[in-house]
Amino acid sequence: MAKNLSGDLTVASANRLADGVVVFLDDKGHWTRHLEQAALARDKRASELLLARARAESFSVVDPFLVAVAEDEQGDLEPISLREKIRVSGLTFEAIAADAVRYA
Amino acid sequence: MPLYREGSLQPVDATGPAPLPLEEWLKAPMQAVSLANTDQPDALSMRLSRLKLVVLHFPKFTDGRAYSQARLLRGRMGYRGELRATGAVLRDQLPFLLRCGFDSFESDQPGFGVALARARSLFSVVYQGAEDNRATVALLRLRQHRQPAELAAD
Amino acid sequence: MPDTHFYHYDKYDRTLLSERVEQFRDQVRRRLAGELTEEQFKPLRLTNGLYLQLHAYMLRIAIPYGTLSSRQLRQLAAIARKYDKGYGHFTTRQNLQLNWIRLEDAPDAVAMLAEVDMHSIQTSGNVVRNTTADHFAGAAADEIEDPRVWCEIVRQWSTLHPEFSFLPRKFKIAITGSPNDRAAVRIHDVGLRLWRNEQGETGFEVIVGGGLGRTPMIGKTVRAFLPKDEMLAYLEAVLRVYNRYGRRDNLFKARIKILVHEIGIEKMREEVEAEYAAIKDSALKLDPQTIEAIAAHFAPPPLPHRPAISGEVERLKLEEPDFALWLKSNTAPHKLAGYRIVTASLKPAGAPPGDASSVQMEGVADIADAYSQSEVRVSHEQNLVLPHVAVEDLPAVYRALAGLGFAEANVGKITDIIACPGLDYCALANARSIPVAQRISNHFANLARQHDIGDLKVKISGCINACGHHHVGHIGILGVDKNGVELYQISLGGDVDFGKTALGDIIGPAVAADRIVEAVDALVRTYLDRREEGERFVDAYRRIGVEPFKESVYAAV
Ligand code: SF4
């Protein structure tokens with residue numbers, strides 16, 4: 001069960017400039033593809049700082065913003081909104097493969 | 001803001017009288033006027049021949065009203081003096097600005113002068129007629145089409 | 001000899017395209033080097049069709065007037081394979097969207113497009129967009145004139161137009177040459193409808209201010225009859241009035257439909273006509289030779305005489321019920337008796353509507369080479385069309401399409417769903433569209449039942465921008481977000497057919513995502529119970545009104 005659904009927990013996310021890939025800011029100020037490596041802000045003040053840091057590191061990404069996340073007992077993070085869930089885990093249906101004649 | 005004209009990679013000095021906003025100019029029509037992009041170019045028609053400078057404004061580079069003003073001034077009203085773009089003027093607008101009849105530009109974007117020098121050569125063909133009087137593709141095709149027939153008739 | 005029976009580029013078109021590719025390459029380089037901010041770069045990439053979506057860049061490629069050669073379609077497949085994940089999405093605006101393009105690769109991808117005389121110029125941004133046309137153009141039995149000639153003239157005039165590259169908002173033009181409007185001209189910023197007046201001359205009815213989105217409006221006639229050679233002068237007048245007076249203070253009020261609504265069609269007409277009077281005798285007037293030269297490109301392909309009746313078709317009709325259904329729904333009359341227009345359904349049961357893999361695109365290209373003069377069309381209903389198929393070849397084409405999964409006999413039926421990409425891809429979305437379409441499609445997969453239900457257009461959008469045209473669906477479904485939960489608003493009675501164009505009425509509170517199939521099923525059952533002989537869903541709705549439908553839906557969900 002998620003511990004925190006209030007939206008107080010946030011991570012900073014953006015799309016990578018060169019290829020559009022979804023990335024998160026980690027503690028070292030690098031952008032990572034892995035949500036589990038993201039720097040986590042636990043309150044409003046920390047969120048503001050996180051966003052400011054993300055903006056300062058935005059040379060290689062586009063328009064950083066905060067994503068509200070929930071944390072479970074194991075410390076695993078999951079975005080709260082469906083939109084952000086989809087950004088993290090991809091399409092919610094199976095796309096056609098390049099070589100597929102899937103529906104035949 | 002630095003002022004650029006074709007023929008110089010570096011900013012040039014602004015000379016001549018300072019442009020007046022339209023309202024003031026209407027009271028005392030001097031040689032230079034500055035229009036908001038909601039002003040009617042028609043308002044200048046009485047004194048057009050005396051004008052040496054018209055400044056048109058781009059409050060944001062995505063606000064394209066001044067392109068229409070420029071074309072009306074040049075194409076419809078026959079204004080031949082200096083036509084200056086000011087406000088948010090970026091190098092990637094230059095091919096459009098030049099085609100609409102602008103000939104001086106205020107911009108603080110680095111590299112603007114170099115971009116201006118290259119702007120006319122970015123596109124060697126144009127589809128639509130505008131204020132730079134370049135031959136359109138349609139015209140070139142017609143010429144190409146007609147030429148052999150004319151030669152044969154000689 | 002050109003390999004197409006539609007416009008082929010000459011040296012001028014090619015030069016412009018390659019110069020544009022180089023300009024874009026330089027812009028991308030400057031962005032990656034940090035010389036351009038995102039704010040400065042965004043309008044530049046958008047006018048080259050490049051969006052930043054939820055998890056990647058998306059490249060929207062124009063398919064002018066929906067017409068493609070097999071060679072072009074193969075190249076699209078190759079680009080999708082090389083720079084994307086090997087599939088693409090055909091949209092309601094006769095574009096192809098590739099969903100996983102890298103910014104770094106985008107200049108190379110558009111260079112590959114240019115190799116086959118295609119581009120992504122002005123497929124986004126506040127500019128004149130890709131001009132759309134009847135997807136049966138040049139083949140339809142009911143056609144007065146081929147509208148694509150005029151679309152191509154508009155394409156050239158609007159490409160990099162110096163005055164109209166920073167409009168208040170996007171600007172979409174559609175042109176139809178048939179009395180049965182398949183281009184939805186009344187829901188575009190400008191719609192042009194070719195018709196023949198009492199003197200026997202053809203000209204355009206000019207319709208302005210239509211559009212869907214947040215404030216859906218049906219376009220109004222600004223000019224009943226416009227001589228064809230004055231088309232560009234008139235368009236330039238409309239655009240100039242819009243560029244000068246369209247609202248720029250509020251993104252949601254910036255389309256021309258709001259201007260027309262606020263000042264009224266009479267005032268709009270006055271402004272446009274005054275501007276038009278000043279320019280109509282300028283160089284914008286089209287030279288007859290120019291028109292002729294472009295029209296010559298669209299000369300009908302030399303179709304040999306073929307028999308109108310085929311024994312094999314007749315036999316197969318009796319033996320294979322699915323083939324008989326396919327003939328009925330997926331083929332349409334051609335202007336020559338020995339031919340049919342075949343629609344390849346990109347809506348097999350459970351598939352994301354409008355998606356095709358590279359292999360499927362190549363497969364369609366092969367079929368076009370063998371049976372349809374190497375020509376393919378893209379419809380705004382997100383299907384592909386083979387415009388010139390001989391009646392005798394129908395069984396072979398049916399089998400070949402079936403091999404690709406594109407022979408579902410459902411064109412115009414309930415599973416021929418239009419759906420936008422929705423929240424799975426789109427950065428603006430409120431809710432998902434594709435999974436909803438898939439569930440409805442699976443539920444109604446039975447073909448005989450679909451044919452019994454008859455013509456029924458289901459259109460789904462993931463947000464109020466209405467890329468899925470939900471307002472004009474017989475059943476429209478709009479995804480909304482309520483406190484992070486996806487809900488779907490249902491509307492009924494929309495229509496795009498000419499003379500009947502109507503916006504749907506919302507029936508009541510939005511329905512939960514997992515009840516949407518039940519809701520649609522209830523609508524269909526109500527229709528089946530109440531319909532009269534030969535009455536379509538939407539006709540029954542018009543006759544009996546919203547109440548019975550509403551009742552059944554809310555009883556079911
Ligand atoms: S309708 Fe909305 S969700 Fe769907 S593609 Fe358009 S903008 Fe995106």
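Please read all numbers here as calculations on a predicted model, not as lab measurements. In the text below, chain A, chain B and the rest are named by the order of the sequence lines, each starting its count at 1.
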Evaluation steps, side chain to side chain contact (heavy atoms under 4.5 Å, CB included), between Val62(A) and Tyr57(C)
CA-CA 11 Å; Val62(A) 179; Tyr57(C) 288 95; 4.0 Å; yes
Taking a cut-off of under 4.5 angstrom between non-hydrogen atoms, the residues of residues 73-87 of chain C near chain A are Lys85(C), Gly86(C), Tyr87(C)
Do you know which two heavy atoms are closest between Leu103(C) and Leu17(A), and how far apart they sit?
CD2-O, 3.3 Å
Grab the two heavy atoms, one from Val22(A) and one from Leu54(C), that are nearest each other, plus how far apart they are.
CG2-O, 3.5 Å
Contact part of Glu104(C) toward chain A, heavy-atom cut-off under 4.5 Å: side chain, backbone, both or neither?
both
Side chain, backbone, both or neither: which part of Ile434(C) has an atom under 4.5 Å from a heavy atom of chain A?
side chain
Given the rule in the side chain to side chain contact (heavy atoms under 4.5 Å, CB included) test, do Ile86(A) and Tyr425(C) qualify, once you have shown the distances and angles that lead to the verdict?
CA-CA 9 Å; Ile86(A) 291 174; Tyr425(C) 293 103; over 6 Å; no
What is the minimum heavy-atom distance between Ile96(A) and Ser357(C), and which atoms define it?
CG2-CB, 3.3 Å
Just give me the residue among Arg432(C), Glu408(C), Glu39(C) that pairs up with chain A most often, heavy atom to heavy atom, under 4.5 Å.
Arg432(C)
Closest non-hydrogen atom pair between Phe93(A) and Pro352(C), with its separation
CE1-CG, 3.7 Å
Straight-line distance of Asp19(A) CG to Trp100(C) CH2, nearest 0.5 Å:
11.5 Å
Grab the two heavy atoms, one from Asn15(A) and one from Gln53(C), that are nearest each other, plus how far apart they are.
ND2-O, 3.7 Å
At a 4.5 Å cut-off on heavy atoms, which part of Arg31(C) comes close to chain A: side chain, backbone, both, or neither?
both
Where on Ser81(A) is there a heavy atom nearer than 4.5 Å to chain C: the side chain, the backbone, both, or neither?
neither
Which answer fits Ile101(C), side chain, backbone, both or neither, if we ask what part of it has an atom under 4.5 Å from a heavy atom of chain A?
backbone
Is Arg16(A) atom CZ crowded by more than 12 heavy atoms from other residues, nucleotides or ligands, each under 6.0 Å away?
yes
For the atom pair CG (Leu423(C)) and OG1 (Thr92(A)), what is the distance rounded to the nearest 0.5 Å?
8.0 Å
Please output the residues of residues 23-40 of chain A in contact with chain C, using a heavy-atom cutoff of under 4.5 Å, in numerical order.
none
